[in-house]
Amino acid sequence: MTSTLRTSRCLDFAPRSNGQVEITHRLVGKKYLVGQHISDLLAAWQQPRSRQDAVDNLQARCTPDEAQRTVRFLEEKSLLVAEDHDETFFVQAPRQGLFGMPILARPRTAAPAAVFCGLPYGHGNAEDINCRNFPSHLRHFLQTANLMRDPETLDFGFLDRATNFGPLRQRLAQGRCCDWGDLRLGLNESSEVVHEKIYKAARTLFDAGHTPFFLGGDHSVTWPIVRACAETYPAFQIVQFDAHIDVYDGVAPLTAGEPPHHGNFMSCCLALSAVTVVHQLGIRGVVNSRPHKHPKQRITWASDLATNGAMVLPEIDPALPVYLTFDIDFLAPHAAPGTATPVTGGPGYTQTVELLRRLLPPLNIIGADLVEVNPQRDKDHLTMQVAANLLLTLLNFLA
Ligand SMILES: [Mn+2]
């Protein structure tokens with residue numbers, strides 16, 4: 001337990017006429033009604049002071065037990081925080097873990113695991129921001145699909161009979177996957193601020209040795225994650241499932257100081273020296289009729305992924321770590337209609353699963369994301385079904 005505490009810098013105090021004080025925690029998004037003596041204590045702890053002092057301070061008004069409990073409550077609610085606590089981002093714990101997985105409370109000290117984290121951000125697509133609703137819709141969908149409990153009892157044959165789901169079963173049995181929750185973002189925060197928060201969330205997970213699995217959000221969220229990844233792994237490759245190559249600088253050029261959007265973020269990733277190669281699979285559509293290739297880009301066209309044994313797989317070095325980014329528009333629009341930039345053609349669900357089964361087992365996947373799922377454009381929950389299935393399937397192949 002930390003011995004030196006300070007008051008959170010994210011609190012607003014509003015005195016009430018009855019002598020109580022309403023405290024709003026801006027970062028956590030919660031309000032508390034407290035007595036004047038608690039408000040006084042928080043005012044006094046704007047400068048860091050010892051935890052024991054806080055307990056002693058309260059003992060003037062209550063029993064030692066109550067004083068201990070009150071200080072613990074103030075810490076649990078992040079009203080009092082450790083002196084060096086980073087209050088620039090906050091991940092809201094879910095009521096229930098995704099697929100019934102355990103909730104991750106302390107990422108820095110927990111045993112390494114695959115960790116889900118929702119990124120409800122959609123402003124990387126100026127025309128339609130609704131993929132920011134994917135994390136909350138996914139949680140609701142899994143609830144209605146009865147997929148929020150006892151994942152170890154699932155028959156994964158419902159995903160694909162030909163895939164070996166042994167690694168996933170083992171991971172579940174050993175508790176090596178969990179749900180951190182959704183990154184809390186303000187509605188009016190600038191892209192710069194949001195990307196910085198995503199970067200910090202990603203750094204927290206990479207630094208602690210976890211394998212993060214982020215749920216977008218639009219595809220621009222991948223940029224701060226990859227930036228954090230590049231500070232952890234000196235050399236890695238990106239495997240991108242997408243209809244788009246996302247280096248469309250000609251359409252909307254990268255401006256200095258402006259964070260990239262969902263159609264050009266890959267240009268920034270390609271510029272990182274730690275990123276050695278970017279494999280892009282599923283590329284198609286008129287927007288790629290004149291693809292401007294970077295030397296590090298390896299494009300696999302959607303038509304090369306045709307089934308019946310004719311699938312042309314890219315050669316991916318299994319010795320080099322992989323960051324995997326999956327844009328739901330990789331799939332044909334009939335299979336996953338819930339996305340803002342659908343492109344005609346593309347693999348169906350069965351073909352996608354076959355590709356993952358053939359391509360991913362030898363790879364060392366150190367992080368992943370699923371992006372561009374737009375619940376408002378979905379039809380009969382088709383895309384939510386595909387998304388849920390893909391999350392479990394990909395989880396099976398994570399390091
Ligand atoms: Mn795309």
Side-chain angles (χ1 to χ4, degrees), residues 119 121-134 191 195 198 214-226 238-252 254 259-270 275 278-294 296-305 314 323-349 351-352 355-356 359 368-379 382-384 386-387 390-391 394:
L119 303 175
Y121 178 70
H123 284 271
N125 176 1
E127 269 118 57
D128 187 335
I129 61 170
N130 283 320
C131 63
R132 69 180 174 173
N133 297 323
F134 172 57
S191 308
H195 280 203
I198 295 171
F214 286 101
L215 312 167
D218 69 73
H219 219 156
S220 74
V221 305
T222 302
W223 160 238
I225 303 168
V226 166
I238 297 175
V239 176
Q240 178 185 6
F241 296 85
D242 205 319
H244 308 93
I245 54 175
D246 294 333
V247 292
Y248 307 115
D249 289 353
V251 184
L254 281 168
H261 56 72
H262 76 148
N264 68 2
F265 76 94
M266 193 47 81
S267 301
C268 300
C269 300
L270 285 159
V275 175
V278 178
H279 296 279
Q280 302 185 304
L281 290 82
I283 305 307
R284 61 190 188 269
V286 69
V287 69
N288 294 312
S289 55
R290 290 185 182 85
H292 24 185
K293 263 181 76 176
H294 186 281
K296 290 186 198 171
Q297 266 175 299
R298 306 274 184 279
I299 292 178
T300 302
W301 296 92
S303 57
D304 287 334
L305 300 173
Y323 181 81
L324 189 152
T325 178
F326 200 112
D327 183 327
I328 199 75
D329 70 27
F330 168 81
L331 283 110
H334 68 83
T339 192
T341 51
V343 183
T344 190
Y349 173 73
Q351 200 177 338
T352 300
L355 172 64
L356 299 179
L359 194 67
D369 63 58
L370 175 63
V371 296
E372 296 284 341
V373 181
N374 188 315
Q376 268 73 3
R377 292 176 181 242
D378 202 2
K379 189 176 182 311
L382 279 173
T383 318
M384 298 310 285
V386 170
L390 283 177
L391 292 179
L394 293 172

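When reading the values below, keep in mind they use all heavy atoms of this one structure, side chains included, and skip hydrogens, waters and symmetry mates. One-based numbering, in listed order, for ligands and for the atoms of each.
- The closest approach of His244 to the Mn ion (ligand 1), by N/O/S atoms, is made by ND1.
- Shortest non-hydrogen contact noted between Cys131 and Asp218 is SG-N, 3.3 Å.
- Within Asp327, OD2 is the N, O or S atom that lies nearest to the Mn ion (ligand 1).
- Of the inter-residue distances, the one linking Tyr121 atom OH with His262 atom NE2 reads 11.0 Å to the nearest 0.5 angstrom.
- Residue Glu372 does not count as close to the Mn ion (ligand 1), with no N, O or S atom under 2.8 Å.
- The OD1 atom of Asp242 and the OD2 atom of Asp329 meet at the Mn ion (ligand 1) at an angle of about 120°, given to 10°.
- To the nearest 0.5 angstrom, Arg132 atom CZ is 10.5 Å from Asn374 atom CG.
- Taking backbone and side chain together, His219 holds no N, O or S atom under 2.8 Å from the Mn ion (ligand 1).
- With contacts defined as side-chain heavy-atom distances shorter than 4.5 Å, the pair Gln240/Asp246 qualifies.
- Residue side and main chain included, Asp246 places no N/O/S atom under 2.8 Å of the Mn ion (ligand 1).
- The line from CG of Leu370 to CG of Leu215 is 6.5 Å long, rounded to the nearest 0.5 Å.
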